[in-house]
Amino acid sequence: MTTDSHPRKGLFRINDKNYAFTFVLITSLFFLWGFAHSLLDVLNKHFQDALHLSKAQSGAVQASAYGAYFLMALPAGFIAKRFGYKAGILVGLTLFAIGAFWFVPAVQINAFWAFLLGLLVLFCGLTCLETVANPYTTVLGPEETSATRINLAQTFNALGWITGPLVGSLLIFKNDSGKSIFESFSETLEKIFLGAGSVVAEQTAQGAETAQAAAAHVSNSALIPPYVGLGCIVLLVLVLFFFSKLPEIHGEVTHAHGSDATHEALPKSKGTFALNIGGLYLPSHLLFGIVAQFLYVAAQTGIGSFFINYVVETKELGISELDAGILLGLGGMGCFAIGRFSGSMVMRAIKPGLLVGGFAAVNTLLMGVAAFMDGRSGIIALIASYLFMSIMFPSIMALGLKGLGQYTKTAASLLVMTVVGGAVCPALMGVLGDHFGMGVGFIVPLVCFAFIAFYGFIGSRQHID
């Protein structure tokens, strides 16, 4: 290692301390909660078939899971603030494991409420993890590269989002064709982009038989392997974190005099909202960020929840539930991962606010295609929307937290609480889908992305003294 009069700068260096290893350790959490989140998108269609639920009723899956963020975000923030980052992670992983293993007795109970209870506990754990891990990545290096760092960490989250639908579809949706994942995926793409009329005609003729076979095969016991397997992995990670030493970085505190600097460091906004929560004033970029994050999670959750419904209900293509799940994993989530991988690099050349605004504007148009055009174009639009959603959550998080000093953890709790938006959108989309067709339901994420575009271009600008 060489030294000179100019300290080397990097993503993970603060005052000659390198936090790269800590960053790598934290990114494992991003993968785990990405997997758990995307597995939800398979559960909606599964419960519609297994328990004979309507689309609106199946929205309770997301209501239970994302409702946990509303219940647990502030307690999670308190744990992180009072006991440190490591304590928040250990509590989160413990709840995560309990919720995953609960699926074993839930299958024996075989009632919808039992599965919802397991999801509630599991996602209370994820709330703790996200409350800690997202802001933690922002302080593991220079402030000016915080958005790049959190996007890099979220790349591993994207890998979890890809894996969840694939594992869930293969284990939960039954397949008698003997085809591999990539054979099913390539044939599905052929139907969408090339038409493949003869194949479509054959599949359409067999539609009734396929639906009956799927209903006969679906069983709630298929939920045990993915969730018990996930629980075992979480236990291993819990042990790893228990015996690891995580640095408690207080770089977010801009004054060196401890508690005496509390009121000096308080960010106050110029002529904007002054809502006081625990001593924290909400400047406009944070307040608008809270709304934008709420709407983003609502949009992403809604799209994922009914992606399989939308694809399967495009009858002329004859795509099965299993193939739709694979399309979601390799197509939609694949685009999501590409966006995450490239986002941290693109953000070095384009300001995060402009990137968020531009991507949200594109997604507003894509949701219009899904809502008002034919099924094939709509499916392509939904797949493409994942590419442009990829950088939104971490970027909105970083934009909202920027400049808040020692109040980063409290503000992060408020931003994580907005994930409750995922509890609202699927139910609303389900009602519209039940009454007017699934396409009409995508008007809801259209409205969400329109506001996010406003936030990226205008609302994210800081006005702090």
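We count residues from 1, following the sequence as given. The figures that follow rest on heavy atoms only: side chains count, while hydrogens, waters and symmetry mates do not.
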Report task. Evaluate the criterion side chain to side chain contact (heavy atoms under 4.5 Å, CB included) for residue pair Tyr227 and Leu119; output intermediate values, then yes/no. Result -> CA-CA 10 Å; Tyr227 278 98; Leu119 291 173; 4.0 Å; yes

Item to complete: Before giving the answer on side chain to side chain contact (heavy atoms under 4.5 Å, CB included), spell out for Ile26 and Ile89 the whole-Å C-alpha distance, their side-chain angles and the decisive distance to 0.1 Å.
Response: CA-CA 9 Å; Ile26 292 298; Ile89 291 172; 3.6 Å; yes

Q.
Apply side chain to side chain contact (heavy atoms under 4.5 Å, CB included) to residues Tyr455 and Gln293 and explain how you reach the verdict.
A. CA-CA 10 Å; Tyr455 177 70; Gln293 199 74 294; over 6 Å; no

Practice task
Determine, stepwise, if the pair Leu95 / Met72 fulfils side chain to side chain contact (heavy atoms under 4.5 Å, CB included).
Solution key: CA-CA 11 Å; Leu95 292 173; Met72 195 68 188; 4.1 Å; yes

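Counting all heavy atoms, side chain and backbone alike, Gly441 lies closest to Pro445 at O-CD, 3.6 Å. Of all the heavy atoms in Gly164 and Ser38, the pair that sits closest is CA-OG, 3.2 Å. Taking each heavy atom of Ala36 and Leu122 in turn, the nearest pair found is CB-CD2, 4.1 Å. The shortest heavy-atom contact between Ala360 and Ala453 is CB-N, 3.4 Å. For the pair Ser28 and Val237, the tightest heavy-atom approach, listed with the atom from each and the gap, is OG-CG1, 4.3 Å. Minimum heavy-atom separation, Thr27 to Val24: OG1-O, 2.5 Å.
Rounding to the nearest 0.5 Å gives a distance of 13.0 Å between CD1 of Ile379 and CE of Met373. For the atom pair Phe359 CZ and Phe449 CZ, the distance stands at 12.0 Å (nearest 0.5 Å). Rounding to the nearest 0.5 angstrom, the gap separating the CG atom in Leu446 from the CZ atom in Phe372 is 7.0 Å. Here the CE atom belonging to Met389 is positioned 9.5 Å from the CG atom belonging to Leu366, to the nearest 0.5 angstrom. The distance from atom CG of Leu327 to atom OG of Ser320, rounded to the nearest 0.5 Å, is 10.5 Å. The CZ atom of Phe306 sits 8.5 Å away from the SG atom of Cys425 when rounded to the nearest 0.5 Å.
Distance alone, capped at 3.5 Å, is enough to place a donor-acceptor pair between the Ser460 side chain and the Gly456 backbone. With His435 contributing its side chain and Val431 its backbone, the two residues share a donor-acceptor pair below 3.5 Å. Checking side-chain atoms of Thr163 against main-chain N and O of Leu159 turns up a donor-acceptor pair under 3.5 Å. The main-chain N or O of Met438 is never found under 3.5 Å from a side-chain atom of Asn309 such that the two would form a donor-acceptor pair. Not a single donor-acceptor pair under 3.5 Å links the side chain of Ser395 to the backbone N or O of Met392. Ser64 contributes no side-chain N or O that, together with a main-chain N or O of Val61, makes up a donor-acceptor pair within less than 3.5 Å. Using a distance-only test at 3.5 Å, with no hydrogens or angles considered, a donor-acceptor pair links the side chain of Gln57 to the main chain of Ser54. Thr301 places no side-chain N or O within donor-acceptor distance of the main-chain N or O of Ala298, the cut-off being under 3.5 Å. With hydrogens and angles disregarded, a donor-acceptor distance shorter than 3.5 Å links the side chain of His285 to the backbone of Lys402. Put simply, the side chain of Asn44 gets close to the backbone of Ser58: a donor and an acceptor are under 3.5 Å apart.
The closest side-chain heavy-atom distance from Leu415 to Leu286 is below 4.5 Å. No side-chain heavy atom of Val297 sits less than 4.5 Å from a side-chain heavy atom of Val420. Counting only heavy atoms from C-beta outward, the side chains of Phe115 and Ile109 never approach each other to under 4.5 Å. The side-chain heavy atoms of Val291 and Thr418, taken from C-beta on, include no pair separated by under 4.5 Å. The closest side-chain heavy-atom distance from Phe123 to Leu40 is below 4.5 Å. Within the 4.5 Å cutoff, no side-chain heavy atoms of Ile224 are placed close to those of Phe103. For the pair Tyr66 and Val424, the minimum side-chain heavy-atom distance is 4.5 Å or more. Using a 4.5 Å cut-off on side-chain heavy atoms (C-beta onward), Val239 and Leu235 make no contact.
Taking the six-membered ring where the residue is Trp, the centroids of His52 and Phe47 are separated by 6.0 Å or more. Checked against a 6.0 Å centroid threshold, the rings of Tyr310 and Phe442 count as neighbours. For Phe30 and Phe156, the gap between ring centers reaches or exceeds 6.0 Å.
Using the six-membered ring where Trp is involved, Tyr85 and Tyr136 have ring planes that are parallel, under 30° apart on the 30 and 60° scheme.
The only option from Leu365, Asn363, Val369 that meets the side-chain contact (heavy atoms from CB on, under 4.5 Å) definition with Ser385 turns out to be Asn363.
Listed by chain and number, the residues in a side chain to side chain contact (heavy atoms under 4.5 Å, CB included) with Leu240 are Leu25, Ser244 (sequence neighbours excluded).
When only modelled atom types and interatomic distance are considered, Ser305 and Gln62 share a side-chain donor-acceptor pair under 3.5 Å.
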